[in-house]
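Below is one structure, written out as structure tokens, with a few remarks after it.
Just so it is clear, the structure is predicted and the values come from calculations on it, not from any experiment.
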Amino acid sequence: MTDATRQRLLDKIDASRDSAVEFLQKMVSIPSVTGDEAAIQAFLGDYLKGIGLDVDMWETDWEELKKHPGYRPVDRGYEGRPNIVATAKGTGGGRSLLLNGHTDVIPVGNGEGWSDNPWSASIKDGRIYGRGSCDMKSGVASHILAVQYLKELGIELKGDVLINIVIDEEVSGHGTLDTVIRGYTADAGISGETSDLHVQPACIGRIWFEIEIQGKPAGIQQRYLGVSGIALGQKIVEAVQELEDERVATVTHPLYPSAIDSLPCIIGSFQAGNYPSAFPATALLKGSIGTVPGEDHEASSRAW
């Protein structure tokens, strides 16, 4: 790319700022909690076709996916939740690039902690507020608009650019896995996940875990004879916090200098008992452990 062409592209990006923000706001305003991605995927599929890309939308075959060694158990299938690969064909002779991102977001609950509607995509003090603004609809928007601006300026690339927009990332990563199964490959790939605008050639991993606790049942009147699942669970919460403290103090990686940010180790869900006036003898804790590149998940799981 010549300096003059590069400058044309940069000027195009600057001139398109308002429309780019509006595009992202539209994406954020479409609720897309994991399992409910149909509307956002339909919107983006139509948009990608509208800018002249070849669009492949398909639904994952859950039963076939279960046969893959990369499959992890999930509670629901993929009917009505398509993945997308949109291709901008190159002129030939160049290397290909795949841009990967997801549109599903984590639940918003009943809006606790939000000062505004989580789907408002409102702008305050130069920031967009809404679930998924950062993780990662902004990344997906940047992929789409980068290709759109190239096309609008008539800048042709030798290699193909594939925009891969997937579902179910927050739970399993199966959208990306199924893209691989479908046969899509490229010479290089970029994921638009949050990184404080730093280039990260490797990413953290995550180990998910569940801990079932069985205390000792007792009647509410003789609760002092029982062993509370809540009390035992709290000990586990404290132990997990101690594990995080230990890992933050001892595990290092040059790509992730802030260990406290890259090694989260938490209990994210704590369920106990089954009735307000019944003694809570049981509990179920769910959480996750962040890992840095190079750590052995299997060995770590056995050690923990």
### Query
Judged by modelled atom types alone, do Arg72 and Ser172 share a side-chain donor-acceptor pair under 3.5 Å?
no
### Any residue meeting salt bridge (Lys or Arg N to Asp or Glu O under 4.0 Å) with Asp168, in chain and number order, not counting sequence neighbours
Arg81
### Message
Does either side chain, that of Thr34 or that of Asp104, offer a donor lying less than 3.5 Å from an acceptor on the other one?
### Response
yes
### Donor-acceptor contact below 3.5 Å, side chain Ser96 vs main chain Asp187
yes
### Message
Is a donor from one side chain sitting under 3.5 angstrom from an acceptor on the other, for Asp3 and Gln7?
### Response
no
### Query
What is the distance from atom CD1 of Ile30 to atom CD of Gln41, rounded to the nearest 0.5 Å?
10.0 Å
### Message
Tell me whether Ile204 shares a hydrophobic cluster with Met136, the cluster being built from Ile, Leu, Val, Met, Phe, Trp, Tyr side chains joined at under 4.5 Å.
### Response
no
### Summary
Distance col, row Leu243:CG vs Cys265:SG, nearest 0.5 angstrom, shows 4.0 Å
### Message
Determine whether a donor-acceptor pair (N or O, by modelled atom type, separation under 3.5 Å) exists between the side chain of Ser32 and the backbone of Thr103.
### Response
yes
### Task
Can you sort out the partners of Ala202 under side-chain contact (heavy atoms from CB on, under 4.5 Å), two or more places apart, ordered by chain and number?
Leu255, Pro293
### Query
Can a donor-acceptor pair be found between the side chains of Asn164 and Thr179 at a distance below 3.5 Å?
yes
### Query
So, Glu212 side chain and Leu284 main chain: donor-acceptor pair closer than 3.5 Å or not?
no
### Query
If only atom types and distance count, is the side chain of Thr176 paired as donor or acceptor with the main-chain N or O of Gly173 below 3.5 Å?
no
## Note on the structure
Sorted by chain and residue number, the side-chain contact (heavy atoms from CB on, under 4.5 Å) partners of Asp245 (sequence neighbours excluded) come out as Gln241
#### Entry: Interatomic distance, Ile144 atom CD1 to Met27 atom CE [nearest 0.5 angstrom]
5.5 Å
### Task
Please check if the side chain of Lys158 supplies one atom and the backbone of Gly93 the other of a donor-acceptor pair under 3.5 Å.
no
### Task
Apply ring-ring contact (aromatic ring centres under 6.0 Å, His included) to Phe23 and list each qualifying residue two or more places apart in sequence or on a separate chain.
Tyr47
### Query
Does Ile106 sit in a hydrophobic cluster with other residues, and if so which ones, taking ILVMFWY side chains as linked at heavy-atom separations under 4.5 Å, directly or through other members?
none
### Message
If hydrophobic clusters are built by linking Ile, Leu, Val, Met, Phe, Trp and Tyr wherever their side-chain heavy atoms come under 4.5 Å apart, do Ile40 and Leu99 end up in the same one?
### Response
yes
### Message
Taking Glu238 first and then Lys235, would you say they form a salt bridge - that is, a charged N and a carboxylate O separated by under 4.0 Å?
### Response
no
### Query
Measuring from Ile51:CD1 to Asp46:CG, what's the distance to the nearest 0.5 Å?
12.0 Å
### Message
Can you list, by chain and residue number, the hydrophobic cluster partners of Trp62 when the side-chain cut-off is 4.5 Å?
### Response
Leu65, Tyr71, Val74, Tyr78, Ile167, Val171, Leu177, Ile181
### Task
Begin with the C-alpha distance, continue with both residues' side-chain angles, and end with the deciding distance and a verdict on salt bridge (charged side-chain N to carboxylate O under 4.0 Å, His left out) for Glu244 and Arg247.
CA-CA 5 Å; Glu244 181 185 78; Arg247 286 178 52 74; over 6 Å; no
### Query
Mind checking whether His68 and Asp178 have side chains closer than 4.5 Å, heavy atoms only?
no
### Query
Given side chains that start at C-beta, do those of Lys286 and Trp208 come closer than 4.5 Å, heavy atoms only?
no
### Donor-acceptor contact present, side-chain His143 to main-chain Ser138, <3.5 Å
no
### Message
If you count heavy atoms of other groups shown closer than 6.0 angstrom to CG of Asn110, is the number above 12?
### Response
no
### Query
Taking ILVMFWY side chains as joined if any heavy atoms are under 4.5 angstrom apart, and letting links pass through other members, which residues group with Tyr184?
Trp58, Val85, Leu98, Leu162
## Note on the structure
Taken in chain and number order and not counting sequence neighbours, the residues that satisfy salt bridge (Lys or Arg N to Asp or Glu O under 4.0 Å) with Glu152 are Lys12
### Query
By the rule that ILVMFWY residues connect when side-chain heavy atoms come within less than 4.5 angstrom, directly or transitively, which residues belong alongside Val166?
none
#### Entry: Same apolar cluster: Ile211 and Ile289, side chain cutoff 4.5 Å
yes
### Task
Determine, step by step, whether Val251 and Leu263 satisfy the side-chain contact (heavy atoms from CB on, under 4.5 Å) criterion, reporting the C-alpha distance in whole Å, the side-chain angles of both residues, the deciding distance to 0.1 Å, and the verdict.
CA-CA 9 Å; Val251 178; Leu263 291 169; 3.8 Å; yes
### Query
Less than 4.5 Å apart, any side-chain heavy atom of Val105 and any of Lys137?
yes
#### Entry: Residue list, side-chain contact (heavy atoms from CB on, under 4.5 Å) with Leu157, at least two apart or on another chain
Leu150, Val161
### Query
Got a second to check how far Glu37's CD is from Asn83's CG, nearest 0.5 Å?
8.5 Å
### Query
Sub-3.5 Å donor-acceptor pair from the side chain of Glu169 to the main-chain atoms of His102, do we have one?
no
### Task
Decide whether Val180 and Ile190 are clustered together by the hydrophobic rule: side chain heavy atoms of Ile, Leu, Val, Met, Phe, Trp, Tyr closer than 4.5 Å, transitively.
no
### Query
So, Asp56 side chain and Ile84 main chain: donor-acceptor pair closer than 3.5 Å or not?
no
### Task
First locate atom OG of Ser142, then atom CG of Leu24, and finally report the distance between them rounded to the nearest 0.5 Å.
9.5 Å
### Query
Just by modelled atom types, is the Asp116 backbone N or O under 3.5 Å from a matching donor or acceptor in the Ser120 side chain?
no
### Query
Between the side chain of Ser16 and the main-chain N/O of Ser19, is any donor-acceptor distance below 3.5 Å?
no
### Query
Are a donor atom and an acceptor atom from the side chains of Thr60 and His174 found within less than 3.5 Å of each other?
no
### Message
I'd like to know whether Gln234 forms a side-chain contact (heavy atoms from CB on, under 4.5 Å) with Leu232, so could you lay out the CA-CA distance, the side-chain angles of the two residues, the decisive distance to 0.1 Å, and finally the verdict.
### Response
CA-CA 5 Å; Gln234 184 57 38; Leu232 294 177; over 6 Å; no
## Note on the structure
Hits for side-chain contact (heavy atoms from CB on, under 4.5 Å) against Thr185, two or more places apart or cross-chain, chain-then-number order -> none
### Query
Counting heavy atoms not belonging to Arg95, are there more than 12 under 6.0 Å from its CZ?
no
### Query
Does a sphere of radius 6.0 Å around NZ in Lys89 hold more than 12 heavy atoms from other residues, nucleotides or ligands, not counting ones at 6.0 Å or beyond?
no
### Query
Is Val28 linked to Tyr129 within one hydrophobic cluster, defined over Ile, Leu, Val, Met, Phe, Trp and Tyr using a side-chain heavy-atom separation of less than 4.5 Å?
no
Please list, one pair per line, the donor and acceptor atoms closer than 3.5 Å that link side chains of residues 213-224 to other protein atoms, with sequence neighbours excluded.
{"unit_1": "Arg223", "atom_1": "NH1", "unit_2": "Ile220", "atom_2": "O", "d": "3.0"}

